[in-house]
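Notes follow once the structure below has been shown.
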Amino acid sequence: MASTPSPVAETAPHLDVLTTLNPPQRAAVTAGDGPLLIFAGAGSGKTRVLTYRIAWLIEQGRARPGEILAVTFTNKAAREMRTRVEQLLQLGATGIWMGTFHAIGARILRRDGSAAGIDRHFVIYDEADRLAAVKRVMDELHLDEKRYPAGGIVTLISRAKDELLSPAEAAARAATPVEEVASQIYMRYQPLLERNRALDFDDLLGRTVRLFQDHPDVLERYQQRFKYILVDEYQDTNKPQYLMVTHLAAKHRNLTVVGDDDQSIYRFRGADIRNILSFERDYPDAQVVKLEQNYRSTQAILDAAHHVIKANASRVAKRLWTERQGGPKIVVAQTYDEQEEALAVAQEALRLVAQGDYSLSDLAVLYRTNAQSRAVEEVLLRRGLPYKLIGGLRFYERREVKDILAYLRLIANPDDTLSFSRVINVPRRKLGEKTLVLLGAFADGHELTPWAALERVSEMAGLPGQALRSLEEFRETLKEVRAAAQERPLVEVVELLLTRIGYERYLRESGPEADERWANVLELRGLASEYDGLAPGEGLQAFLEDVALMSDVDSLDERPQGLTLITVHMVKGLEFRVVFILGMEEGLFPHSRSLDDPAGLEEERRLAYVGMTRAKDRLYLFHTFRRHLYGNANLNIPSRFLKDIPVELVEGSAGLPAGVPASGMAPARAIEAARAAAPLTVVQRYAPGDTVEHKSWGRGSVLKSTLTRTDEELIVKFDRVGMKILAVSLAPIKKV
DNA sequence: CGAAAGGCTCTTTTT
DNA sequence: GAGCCTTTCG
């Protein structure tokens, strides 16, 4: 600390408000009481406005920190906001409730859920747990998973919960056979969770809403407490979230919502864009502020994005502008296939870095589906270019991490039968199916949870001595660790657990990935050590809670330098100087699942808009002529979104009419470089008239053979399945 | 009992 | 291609 007071320390937030904010931002920050709707376009300083407003409210004495509730979309956003408010106020913002809807819901339910019969030590089931639970129910009901995919059932149950439907209500509304089945499963799924003292993600929201509705006294306390409520990313709220906010804000009506209807991209999980579009109807006295000045991108990028988004019907009219006039044109480039696409990205990335203007961490590669990252990764690995892959198999979804977490959850909550099943034979305790069936039957017969059955294992008949000893050992281990959890720091509990179950040795014998797996376990232990400051029992509880609600983007910043590989969904809220968007093709982006659904297409368009507006300086849009999907080669048409971008904004081959073939297109320089780097290797082997034998399609005759850069492409008419396009290097065919 | 092999399906996005 | 499940074999 400097001995003389620094100007910053003396600069109260209200001064900043006057000098460093543009007029609409200032209006939003200093808006008085009552409902306030802020349309915050991409890069318009949204977080700044939110944090300044919170600081301003406190500064002005309108609210104490403890009277403010700020809800964000990710933990990362919450953390950022807290840090920035603290900086502004030069004091702790500890009293402020800040977090995701799910975290806030969990917190409320821990404190007051008992009124609604919710045990305050509930565990939170993630997507995988929920799937396992559904599978278990389907097993009990002897439902064939082939006919009714468990994943689809999970989605349907989740949809019902989004609509706050009870199992009975869902059954009454079931309109299709699948929905009928799903509601039957839901009917058993929910009690299963209750027996396990578990809540799934949807419950964290839905049960909170129900708590508020059934217990006005509880609601009243929270209403009283939160004088000001601020909600970020309001366009992505679903019904339970909407109701949570509505209930909480009903008393003081000091509700500030920030959002951008153009960036609503979570319809598939129940987000309802109408929540933001009808805010003014919900609150006729609402003040409305539009933030349209963008501080991120060049005008060229904004214009291109605007032309893509403006085709949407259901949106509030607005247009971003920036003082960064001009800027390089958008590069639209077609490559032959996804390998060439990846090569082109790598080449261009290297070129930009070599010029000295950018470092790799300024660059991001965006794609619609996680599967697309693979081709890029392969190229980057081969070139030795560092990258960070966001998403995919998440840390908390790795088997070894889930194993340990299941143990910890079972320690925190002996009734968690799903975790019990997961760890009972991990590491191997030589317990066979027979033993587990016996134990299960004993538990059912005495209406016990598996854990309670284990406590009485000596009463069980027909158990081999070996199995009995194994079960008893398992029980004693857990008891010992559970006792430790009551009195020792969490990290020691984890260490004790690992030692007692011999997990390291087990992993070491598990194959080539042993080192990486063990490293993950150690990382988990490291995370646990951050909770050592808390009282022993609480540390475990808090740790499990945070872990359950944690996502991959949350730890994005701590990763080492390199190119960022990320889906368009997860990139929302982030920005990069250079952005490559891959796979701008019909069927991929927009995704095939959306093609026949206008609302789905509008969402795809918003998704494209989100991706494009992440770029500060340069934007590249790639599409391929041919792409492999699930092993098959597809010939792809350029995305309709590309055609919406005016030609004068584009360098390369935009404005393509649908169906134009790849040949004859002027390739961008990146493509040239990629081609130079990967010489032609194939020799022609087929001619029209040749007969071929395909592994699954049988016989056919070759109509046409085209030699491409890296491969030979055949059009074959099969006797049984008709015309197909094949790549010689991939297709399981033989010349006859 | 457990490992290995084979066969099957399903592939959008995820707090 | 990959993960998941079942079957088979040692």
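Excluded from the calculations below are hydrogen atoms, water molecules and symmetry mates; all remaining heavy atoms, backbone and side chain alike, are included. Only a predicted model underlies this, so the values are computations on that prediction, with no experimental measurement involved. The sequence lines fix the lettering, A, B, ..., with proteins before strands; numbering per chain opens at 1.
The heavy-atom pair separating A:Arg627 from A:Leu588 by the smallest distance is NE-CD2, 3.5 Å.
One can place CZ of A:Arg267 at 15 Å from P of B:dT12, the figure rounded to the nearest angstrom. A:Arg269 places its CZ atom 9 Å from the C1' atom of B:dT13, with the value rounded to the nearest Å. One interatomic measurement links the two molecules: CD1 of A:Ile424 to P of B:dC1, which rounds to 13 Å at whole-angstrom precision. Spacing between atom NE2 of A:His591 and atom C1' of B:dT14 amounts to 15 Å, rounded to whole angstrom units. Here B:dC10 presents its C1' atom at 13 Å from CG of A:Leu131, a figure rounded to the nearest Å. The distance between atom CZ of A:Arg130 and atom C1' of B:dT14, rounded to the nearest whole Å, is 10 Å. Between A:Gln235 atom CD and B:dT13 atom P there is a gap of 20 Å when expressed in whole angstrom units. To the nearest angstrom, C1' of C:dC4 lies 13 Å from CZ of A:Arg399.
Nucleic acid contact class of A:Lys135 (heavy atoms, under 4.0 Å, all strands): sugar-phosphate only. Heavy atoms of A:Glu603 sit nowhere under 4.0 angstrom from any nucleic acid atom. Nucleic acid contact class of A:Phe101 (heavy atoms, under 4.0 Å, all strands): none.
Ring-plane geometry between A:Trp97 and A:Tyr222 is classed as perpendicular, the angle between the planes exceeding 60 degrees on a 0 to 90 degree scale with a lower cut at 30.
Here A:His569 does not pack flat against the base of B:dT13, since the 5.5 angstrom centre distance and 30 degree tilt limits are not both met.
The side chain of A:Arg368 lies closest to B:dT12 when the candidates are C:dG1, B:dT14, B:dT12. Considering only side-chain atoms of A:Arg374, the nucleotide from B:dT15, C:dG1, B:dT13 that sits closest is C:dG1. When distances run from any side-chain atom of A:Asn425 to the nucleotides B:dT14, B:dT15, B:dG2, the shortest one goes to B:dG2.
Using N1 to N3 plus N6-O4 or O6-N4 for Watson-Crick, or N1-O2 and O6-N3 for G-U wobble, each under 3.5 Å, C:dC4 pairs with B:dG7. Under the Watson-Crick and G-U wobble criteria, each requiring two contacts below 3.5 Å, nucleotide B:dT12 is left unpaired.
In this structure, A:Met460 and A:Leu439 have side chains that are in contact, with non-hydrogen atoms separated by less than 4.5 Å. Here the side chains of A:Ile265 and A:His569 are in contact, with some heavy-atom distance below 4.5 Å. For the pair A:Leu574/A:Thr564, no side-chain contact is recorded, criterion being any heavy-atom separation below 4.5 Å from C-beta on.
Place A:Asp202 and A:Pro149 on DNA chain B by their nearest nucleotides, and A:Pro149 ends up nearer the 5' end.
Regarding contacts with the backbone of B:dT12, every side-chain N or O of A:Asn370 stays at 4.0 angstrom or more from both OP1 and OP2. Listed pair A:Thr567 / B:dT14 meets the phosphate criterion, a side-chain N or O lying under 4.0 Å from OP1 or OP2.
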